[in-house]
Visitor: 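Mind looking over this structure? Questions follow.
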Amino acid sequence: MDVSHLLDGMNDRQRDAVSADERHMLVLAGAGSGKTRVLVHRIAWLIQVMQYSPMSIMAVTFTNKAAAEMRGRVEQLLGRDVRSMWLGTFHGLAHRLLRAHYQDAKLPQNFQILDSDDQLRLVKRILRALNLDEKQWPAKQAQWYINGKKDEGLRAEHIDAFDITDKTLKEVYAAYQEACDRAGLVDFAELLLRAHELLRDNKYVREHYQKRFRHILVDEFQDTNQIQYAWVQMLAGTQNYVTIVGDDDQSIYGWRGAQVENLQHFLRDFPSAETIRLEQNYRSTNMILQAANAVIANNEDRLGKELWTDGADGAPISLYGAFNEQEEARYIVSRIMQWQEQGGALSDIALLYRNNAQSRVLEEGLLYAQIPYRIYGGLRFFDRQEVKDAVAYLRLISNRNDDAAFERVVNTPTRGIGERTLGLVREAAKNEQTTMWRAAQQLVNEKILTGRARTAVTGFLTLVNELEEATHAMSLSAQTDKVLHGSGLLAMYQAEKSDKAETRVDNLKELVSATETFVPTGEEGMTPLAEFLSHAALEAGEEQADAHQDAVQLMTLHSAKGLEFKLVFMTGMEEGTFPSLQSSAESGRLAEERRLCYVGMTRAMEQLVLTYAETRRLYGQMNTHRPSRFIGELPPDHVENVREHVRVETPSQSRSRFHTGVSHESFVETGFKLGQRVLHSKFGEGTVLNYEGTGSQSRIQVNFATGSKWLVVAYARLTALD
DNA sequence: CACTTGCACTTTTTT
DNA sequence: AGTGCAAGTG
């Protein structure tokens, strides 16, 4: 059999990894080293050369996107489908396991998944039920605690709590878990923990899967947490082979429980593992790689790895120090236009920032210059309020005991079930250790509820029951459509008069088409509705955007991981912004920020531009920052400071280059430059920070010793000092 | 029960 | 600055 195509065009290290004998393997894959390709080819090798059935392979990723891409590429390479291969996210695979063995996992067959938003609401209710002051015990913190413990594999009863804080949080955890169990709800962390316990406690199930999965491959291993590691270990048993792929230098999720140490733990727990380093980079220029290497070299305790390329040296890294964030945006816009004039595509450009708040000014600049852009990381489809409302009705149809869904829509649209009535239901549910649905039924039957409240609650219960009866034989999309109309949700949003409400109606219609295109697998004896509900929870859906329009891509440094662009801007390279204020004190957190910087830099293929602003407005407060320490870690001869070039530009040159707009006209008219020192008769000396408006309306912002002021140029009688 | 006002918050995000 | 949430008011 000719399998040469599986190794074609690969370097020696890549071939080693793809064609290795059966053994444990750690593939330390640097950025742009062809990691996914190696993983895909390794899977194909196992199937085609080693003659493994796809059934005996399990491959794990972190995102649905990565899983889908991997499956597609394997199938393309093999020219056959590999549906029987377990390939998915940790959560997706754990979910599959729990569905298949729901009884052993002590779950109801129709258990539903609780997303983090639902989880937070539920935690809030628990806090209230326990009479805990929400100021003293923030729901977010309790949620964080619960998920943290689950990530560590701990149940409430296993936690030793000594002080009052721990004792209280443990109590909340226990009460929350009881509520989940009663309602048949499983949160994200619970998926992993339950699946782990299922394998641990059930010999039959464990051995079945240990026999089945001969090869386990895990991508982005540096992002695994404790329970995920334990999960892999459990399935590996003593007989199977584990291949992990990762890069300790790209570990940027420590703050949410990821443990880089898992890479070392792997070497400890699988001592026969062979380590293969992929260090040849196929993405970036030498200039960029050397700079990135120099920055990351400042971190300690690395597994050790240095990227290299035999490609071009490329252009030096541009560094631009702006006076404020508006000017930073203007510079970026000018570079984008320059790129466009040279025939470059906008979709090859990325604007990266440390926090989402930074995108605003950049957007304004792009909007003003009429450059199309696309922002990553907005609200996802299934996370939208109206979509969640509709899904909640579907969830109730599927499982009446779903308290999260009950609470969400019991009075949406309003049907006269107020806080007072709901309080009675909650109390009854608490006293009887039952769910909201059953408690409501009971209150109605026992005539504890009377009058209007009784009618209203009865109306809701009947509505959900009738919706199920009327739709259980329908197709999923017809069912959804009927629920939208029957529940009154659609009418409610249609009655609202705002452009926001219009998009909401559109999204509800979009939900119907989503159910039309959804293809149930029919596996695990699930109904199409149940499958769709799981899908909605596990895959929040791509954010809708015209992905195909030629547009500049805006995103946080975190969401840029795994992507590449010809021209990359890293903005806000200032102390306090990047590294973030919260991280700069602690060395561990700082190291993670540095890795984030490394991730950002290695996204760039051809050109990397770093920008910072000397002053930046944050939370309505003007702040002055020093340039990021990471800038100081760059090799000086790899950096070109482009600020000087701009400063010596005359206003008219600048005007033509910026294709000017109003503010540039005024810039010309005021006769002042940003950063220029000026003298005011009353406020004394100051520095020009910003400008706006035209002609006699034009104002400039000047930072005086007493603070910054906006002055109308025509009246302020300012004297230029330099 | 709906609407208004006041207050506290503000890194990063996937499942 | 802007937002989201909870208590207060009609």
Side-chain angles (χ1 to χ4, degrees), chain A residues 60-67 88-95 113-121 124 128 133-135 138-141 144 147 150-151 186-193 195 220 223-225 227-228 251-258 325 352-361 376-380 382-383 385 411-422 452-453 456 534-543 555-562 572 576-584 589-590 592-593 595-597 599-600 616-623:
Chain A
V60 197
T61 63
F62 272 85
T63 65
N64 293 300
K65 198 175 153 197
T89 63
F90 274 103
H91 294 87
L93 297 180
H95 172 247
I113 298 165
L114 203 61
D115 69 27
S116 24
D117 188 56
D118 297 332
Q119 185 186 37
L120 186 63
R121 288 162 186 269
K124 272 186 190 157
R128 264 174 224 163
D133 178 19
E134 288 172 63
K135 290 275 182 322
K140 276 255 171 61
Q141 190 198 322
W144 186 258
N147 291 335
K150 288 190 176 185
D151 285 347
V186 173
D187 61 56
F188 288 129
E190 183 74 16
L191 284 171
L192 300 170
L193 180 55
E220 305 277 19
D223 291 337
T224 52
N225 62 31
I227 193 74
Q228 287 162 338
S251 160
I252 56 176
Y253 288 111
W255 53 273
R256 63 175 197 209
E325 68 266 44
L352 310 183
Y353 34 81
R354 180 62 179 82
N355 62 49
N356 288 303
Q358 289 170 253
S359 74
R360 185 124 156 208
V361 179
Y376 278 72
L379 206 51
R380 286 144 175 272
F382 286 112
D383 288 337
Q385 178 195 307
N411 201 32
T412 311
T414 48
R415 45 176 69 92
I417 303 176
E419 271 311 304
R420 203 180 47 83
T421 311
L422 267 181
R452 277 195 305 197
S534 298
H535 166 83
L538 285 172
E539 295 194 40
E542 291 290 292
E543 59 263 63
M555 66 192 84
T556 62
L557 285 156
H558 281 89
S559 34
K561 195 172 84 159
T577 301
F578 187 37
S580 78
L581 196 60
Q582 298 89 328
S583 317
S584 26
R589 316 216 72 196
L590 181 68
E592 183 154 305
E593 294 283 299
R595 293 193 289 268
L596 190 57
C597 183
V599 166
R616 181 182 297 276
R617 190 178 286 272
L618 187 65
Y619 308 136
Q621 211 81 52
M622 224 18 163
N623 296 92

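Side chains included, hydrogens not; waters and symmetry mates left out as well; all remaining heavy atoms used. Within every chain, numbering begins at 1; the chains are lettered A, B, ... in the order of the sequence lines, protein sequences first and strands thereafter.
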Visitor: With the criterion set at under 5.5 Å between ring centres and under 30 degrees between planes, would B:dT12 be stacked on A:W255?
Guide: yes
Visitor: Would you indicate which nucleotide in B:dT13, B:dT11, C:dA1 comes nearest to any side-chain atom of A:R617?
Guide: C:dA1
Visitor: Taking atom P of B:dT14 as reference, at what distance in whole Å does atom CG of A:D383 sit?
Guide: 10 Å
Visitor: With heavy atoms under 4.0 Å as the rule, sort A:D187 into base, sugar-phosphate or nothing.
Guide: nothing
Visitor: Under a cut-off of 3.5 Å for both distances of each Watson-Crick or G-U pair, what dot-bracket string does DNA chain B give, using [ ] for crossing pairs and | for inter-strand pairs?
Guide: ||||||||||.....
Visitor: Anything under 30° is parallel, anything over 60° is perpendicular, the rest tilted; go ahead and classify A:H91 against A:F188.
Guide: perpendicular
Visitor: Whole angstroms only, please: what is the CG-P distance between A:L618 and B:dC9?
Guide: 16 Å
Visitor: Hey, which sits more toward the 5' end of DNA chain B by its nearest nucleotide, A:L596 or A:N411?
Guide: A:N411
Visitor: Side chain of A:T577, backbone of A:S580: donor and acceptor closer than 3.5 Å?
Guide: no
Visitor: State, with a plain yes or no, whether a side-chain heavy atom of A:L596 is found less than 4.5 Å away from one of A:R354.
Guide: yes
Visitor: Okay, side chain of A:E134, backbone of A:R128: is any donor-acceptor separation there less than 3.5 Å?
Guide: no
Visitor: Side chain to side chain contact (heavy atoms under 4.5 Å, CB included) between A:I113 and A:L538: does it pass, once the steps are laid out?
Guide: CA-CA 8 Å; A:I113 298 165; A:L538 285 172; 3.7 Å; yes
Visitor: Do side-chain atoms of A:N411 reach the backbone of A:I417 as a donor and acceptor pair under 3.5 angstrom?
Guide: yes
Visitor: Distance check needed: B:dT15 C1' versus A:L120 CG, whole Å only.
Guide: 16 Å
Visitor: Under 4.0 Å: is that the gap between some side-chain N or O of A:T556 and OP1 or OP2 of B:dT13?
Guide: yes
Visitor: Whole angstrom is fine here: how far is it from CD in A:Q621 over to P in C:dG2?
Guide: 14 Å
Visitor: Quick one: A:N225 CG to B:dT14 C1', roughly how many Å, whole number?
Guide: 11 Å
Visitor: Select base, sugar-phosphate, or nothing to describe what A:R589 touches, counting heavy atoms under 4.0 Å on all strands.
Guide: base
Visitor: Would you classify A:N64 as touching base, sugar-phosphate or nothing, given that sugar-phosphate means primed atoms plus P, OP1 and OP2, and contacts are heavy atoms under 4.0 Å?
Guide: sugar-phosphate
Visitor: Just checking A:S116: base, sugar-phosphate only, or nothing, at a heavy-atom cut-off of under 4.0 Å?
Guide: base
Visitor: Classify the nucleic acid contact of A:S580 as base, sugar-phosphate or nothing, counting any heavy atom under 4.0 Å across all strands shown.
Guide: base
Visitor: Looking only at N and O atoms, is any donor in the side chain of A:R380 or the base of B:dT15 less than 3.5 Å from an acceptor on the other one?
Guide: no
Visitor: Grab the OH-P distance between A:Y253 and B:dT11 for me, whole Å please.
Guide: 16 Å
Visitor: For A:Y619 and B:dT10, is the gap between ring centres under 5.5 Å while the planes differ by less than 30°?
Guide: yes
Visitor: Ignoring backbone atoms, establish whether A:R360 has a side-chain N or O less than 4.0 Å from OP1 or OP2 of C:dG2.
Guide: yes
Visitor: Roughly, in whole Å, what's the span from CZ in A:R128 to P in C:dC5?
Guide: 11 Å
Visitor: Does a side-chain heavy-atom distance below 4.5 Å link A:F382 with A:E539?
Guide: no
Visitor: When we call it a touch if two heavy atoms are under 4.0 Å apart, what does A:L352 touch: a base, just sugar-phosphate, or nothing?
Guide: nothing
Visitor: Between the side chain of A:S359 and the main-chain N/O of A:N356, is any donor-acceptor distance below 3.5 Å?
Guide: yes
Visitor: What is the distance from CD of A:Q228 to C1' of B:dT13, rounded to the nearest Å?
Guide: 13 Å
Visitor: Assuming nearest nucleotide by heavy-atom distance, tell me which of A:T414 and A:T63 is located more 5' along DNA chain B.
Guide: A:T414
Visitor: If the cut-off is 4.0 Å, is A:N356 near the phosphate of B:dT11, judged by side-chain N/O to OP1 or OP2?
Guide: no
